Participant: 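Can you read through this structure? Questions will come right after.
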Amino acid sequence: MGSRIRHLLIIFFIQIWITTAQNRDGAALQALKEAWKNTVPPSWNVGSDPCRDGWEGIMCTNSRVTSIYLTSMQLTGGLPGDIGQLVELQYLALSYNPGLTGSLTPAIGNLGKLTNLVLVGCSFSGPIPDTIGNLPRLIILSLNSNRFTGSIPASIGNLKNLYWLDLTDNQLTGNIPVSDGIKPGLDMLTHAKHFHLGDNQLSGNIPPQIFHSNMSLLHLLLENNKFTGPIPSTLGLVRSLEVVRLDRNALTGDVPSNINNLINVTEMFLSYNKLSGLVPNLTGMNVLNYLDLSNNKFGPSDIPSWFSTLKSLTTLKMQNTNLRGQLPAALFEIPQLQNVDLSDNQVNGTLNIGLNPSSQLQRVDLRTNNIADFTQRLQYTIGLILVDNPICMESGVTDKFCSLPSNTTTSYSTLPNNCIPTPCGSGLVSSPNCKCAFPYMGSFIFKAPSFSSLGNTTIYESLRLSLMTFFQKTQMPVDSVSLMNPYRNLDDYLVLNLEVFPSGELSFNRTGILWLGFVLSNQTFKPSKDFNTYVFIAQDYDNFLSEVQVTGGTTHKSSNTGVILGSAIGGCVFVVLLVVAGVYAFRQKGRAERATQQSRPFALWDPASGSGGVPQLKGAKAFTFEELKKYTRNFSETNNIGAGGYGMVYKGTLPNGQLIAIKRAQQGSTQGGLEFKTEIELLSRVHHKNVVALIGFCFDQGEQMLVYEYIVNGTLKDSLSGRSGIRLDWMRRLKIALGAARGLQYLHDLADPPIIHRDVKTNNILLDERLVAKVADFGLSKPLSDANRTHITTQVKGTMGYMDPEYYMTQQLTEKSDVYSFGVVMLELITARNPIEKGKYIVREVKQSMNKSKELYGLHEVLDPTIGLSSQLKGLERFVDVSLRCVEETGNQRPPMSQVVKELERIMELVGLNPGTESSSSTSASYEVSGTDYNHPYSNDSLYAYSGGFLPAKLLQPK
Ligand SMILES: *[C@@H]1O[C@H](CO)[C@@H](O)[C@H](O)[C@H]1NC(C)=O
Ligand SMILES: *[C@@H]1O[C@H](CO)[C@@H](O)[C@H](O)[C@H]1NC(C)=O
Ligand SMILES: *[C@@H]1O[C@H](CO)[C@@H](O)[C@H](O)[C@H]1NC(C)=O
Ligand SMILES: *[C@@H]1O[C@H](CO)[C@@H](O)[C@H](O)[C@H]1NC(C)=O
């Protein structure tokens, strides 16, 4: 009897306990939903139990929330402390939500079961909380590409199981913490294979205690910080190391002599430091592929004997390292050698590249040395540079190696797979299988590839194949992938753009995107050893299939299966069927509508409203009010993306999936019918890659709307201010300046009639998915009629800070007013400051801080810190020169846009970028690839091997 009661009581309490725990999870997720307002997936609005009602991105076990995967969901808001209630949570993955801001809550330390904390590419700021050390099971900690400040918490040393630590690309300061018997430190992380701490402002010595023989590090990435003092000799104890990047710091002293104990190192960067003593002895580092020792303060050193013994070298960079003597011919016979840079040394004697130089040799840069002769002078073929050597000093020398080769940029892009690409609507991209779709896009950033030659298409092809193999094995809904535009950025990282195309549909659904984002941010995908360690940074994706589903009228409510993601196959088929049915009905309806419209394209045009005859349009389409209402979900609040004096801007989706931006004039600010007609006629004639295209208009039911292509990456202002999360380095800024200048030049010189923009500013320059600049908003534009080609007198309009003072005084508008505003935009591009900020005017600020006799004109103080290292801002002075000419007092002292364009093109060439139309070119890629190259890049590293199936738990659970 007593025992029965006890039994019942136990059951009763267990039930209470389970129920309250469940409620707590539900309440915590409600709090997240509140914090993220209406940016949560639509399925979160169904029901109140995240586990039972199948909220997307949530996984549960026994009705407790165990995983949150919300990568690339465009969430905005902060991470509330309520997250700490989800004590069963193992995975928290919120990468690629640049709208997530605020500090990382200390309550994160309550998640004692967390194994993966992956918050790549958000906008979290403030210090990393100390409580992060309370997560004993943590294996992957990726907080890279946020805005964290303060120092690295010593408590991270308590994370005994940590395997991957990535804090790259934040604003962290202070020392690397090491343990001292009282405090913990990173030296305690003996299981960690990856320390990625680059691109911060860490300082002080690299503590010797951090390296010891019990460490099992594979990758040590400390580049681009402010470390000082010597490289500790204890580094030689960590024999497992494969990649070492200590470049771009202020390290001093000798390179420790035991560095060549690190015989497994394949990539080593010690460049851009102040290292002294002799060039280190690297004999024995026989698997070294990529070596960069450039720009240090080494004393005069003889050409080292290891130059010809390191048989795996692809790349040898030792610019300005005080080397002297004659180069051995054997160096050039290293079989995989691709690039040698020994410029600015004292190499002397006769150059001999041997009888069998490496067939991969691309470039040998020996400029500014003492080479007097060249054995193969008559029959040389490689890209050899001997400029500024005695051999080229005699008058009348005409050898090709005595002039600088023109900088050719390598362009690569995956070729169509035996098919002819179809032209796609904007926003849609033709896949390698020639289907138009919305790809998931982003950039791979490889921190230490084994190669330096960017023209080898086979290597990209092998990466493409390994990605496809990976997506197939994990049963991701991927049709194909495309890789393009490889380049080396200022940190010498290899950047390669990726497009992933959905299979069978126009776009991915949310589940597809959050998985893709997760596997690419969690290092689940591993490329071959050639590419080595990477990060992936995704662009926003906002064409989710489920949204089409909602428009089609079917609201999906998941059955009571609990785990929507886990219940995979059956559920998926059901959802897909629903979607297909929805899309089909939707398309049929669209077809019928299109048919009526094509027969009477201007049925809606009403001459009686004082709008004159039917407008003469080139390619612009007349939309009915009802259509636009539908495409914007009844001009809903969520689709409202901006406002101006004239009214609102809405985002919409055409039935073919194309995104559009609709400018809807407010009641009261509509123009007369005739003016509206003139405006759309004018705008419909404007067609240029760097100008936002008009797709159509609506002149119906008393409304006036202009329909433009939607430009995904928003305004240049957003990117410069950091709001968009897109980082603009100097190269990107140059390309954007040139693109916008070309757009303006087109409006001035080639549009018919010519157009003066009148409101050029960073808010009116938009960036598309490839960061191509597009000039937008001709709200105030004025065509020049023949009678007043040179100027028109008008009421002054424009934006303070960008406005031409001459125009302001005289009210005479010419193209040169746009040139002035563009000059201000250029200054904003390099400073990221508002034209008028705290009462200071950018033009005056730059002029006052400028000192032409100094490097970078002494502008370091006013430059935007995120533009890149000052040593790499080639052409910046010329850029400043051009912008200051644009903001001259009077119009006739300013250059026309055509000249601005030419000047920017020259700067691009100087920097080594191809100013041409870089997007369309592609080299011929070979499809011959030897097998499916699928080595693991991190040796002994089977931790994240997947075992097939789309069951994420299987896919991701570490073994
Ligand atoms: C070096 O690499 C080899 C081959 O990958 C491996 O067997 C060996 O264990 C590595 N050495 C160390 C010290 O990790
Ligand atoms: C470089 O190191 C190797 C191996 O440790 C040694 O045999 C050789 O003598 C050293 N060379 C010089 C110039 O010190
Ligand atoms: C090259 O430089 C080395 C070291 O400075 C010197 O000993 C040698 O004589 C020079 N050779 C020639 C041919 O100038
Ligand atoms: C090519 O680029 C290099 C390095 O970026 C630069 O030093 C060189 O001057 C450029 N050459 C030309 C002809 O522009």
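This structure is a prediction, so every number in the text was calculated from the model and none was measured. Atoms within a ligand are numbered from 1 in the order they appear, just like the ligands themselves.
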Participant: For K311, is the NZ atom crowded, meaning more than 12 foreign heavy atoms sit under 6.0 Å from it?
Facilitator: yes
Participant: May I ask you to identify the nearest protein heavy atom to atom 5 (O) of ligand 2, giving residue, atom name and distance to one decimal place in Å?
Facilitator: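 Checking every protein heavy atom, the shortest distance to atom 5 (O) of ligand 2 gives N260 ND2, 3.9 Å.
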Participant: Specify the protein heavy atom at minimum distance from atom 13 (C) of ligand 3: its residue, its atom name, and the distance to 0.1 Å.
Facilitator: G349 CA, 4.2 Å
Participant: For atom 11 (N) of ligand 3, what is the closest protein heavy atom, and at what distance to 0.1 Å?
Facilitator: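 Residue, atom and distance for the closest contact: N348 ND2, 3.0 Å.
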Participant: Are there protein heavy-atom neighbours of atom 2 (O) of ligand 2 below 4.0 Å?
Facilitator: yes
Participant: CG of N258 to CG of L235: how many Å apart, nearest 0.5 Å?
Facilitator: 7.5 Å
Participant: Taking only heavy atoms of R239 into account, list the atoms of ligand 1 that are under 4.0 Å away from them.
Facilitator: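 Atoms satisfying the 4.0 Å criterion: 12 (C), 13 (C).
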Participant: Are the aromatic rings of Y290 and F451 close, with centres under 6.0 Å apart?
Facilitator: no
Participant: Residues in side chain to side chain contact (heavy atoms under 4.5 Å, CB included) with Q872, at least two apart?
Facilitator: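 Q872 satisfies side chain to side chain contact (heavy atoms under 4.5 Å, CB included) with R248, Y272, L490, L869 once adjacent residues are dropped.
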Participant: Within the protein, is there a heavy atom lying under 4.0 Å from atom 9 (O) of ligand 2?
Facilitator: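 Under 4.0 Å from atom 9 (O) of ligand 2, zero protein heavy atoms found.
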Participant: What residue and atom, counting heavy atoms only, is the protein's closest point to atom 6 (C) of ligand 2, and at what distance?
Facilitator: N281 ND2, 4.2 Å
Participant: Taking NZ, NE, NH1 and NH2 as the nitrogens, is one of them in R245 or D491 under 4.0 Å from a carboxylate oxygen of the other?
Facilitator: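 Looking at R245 and D491, the cut-off is not met.
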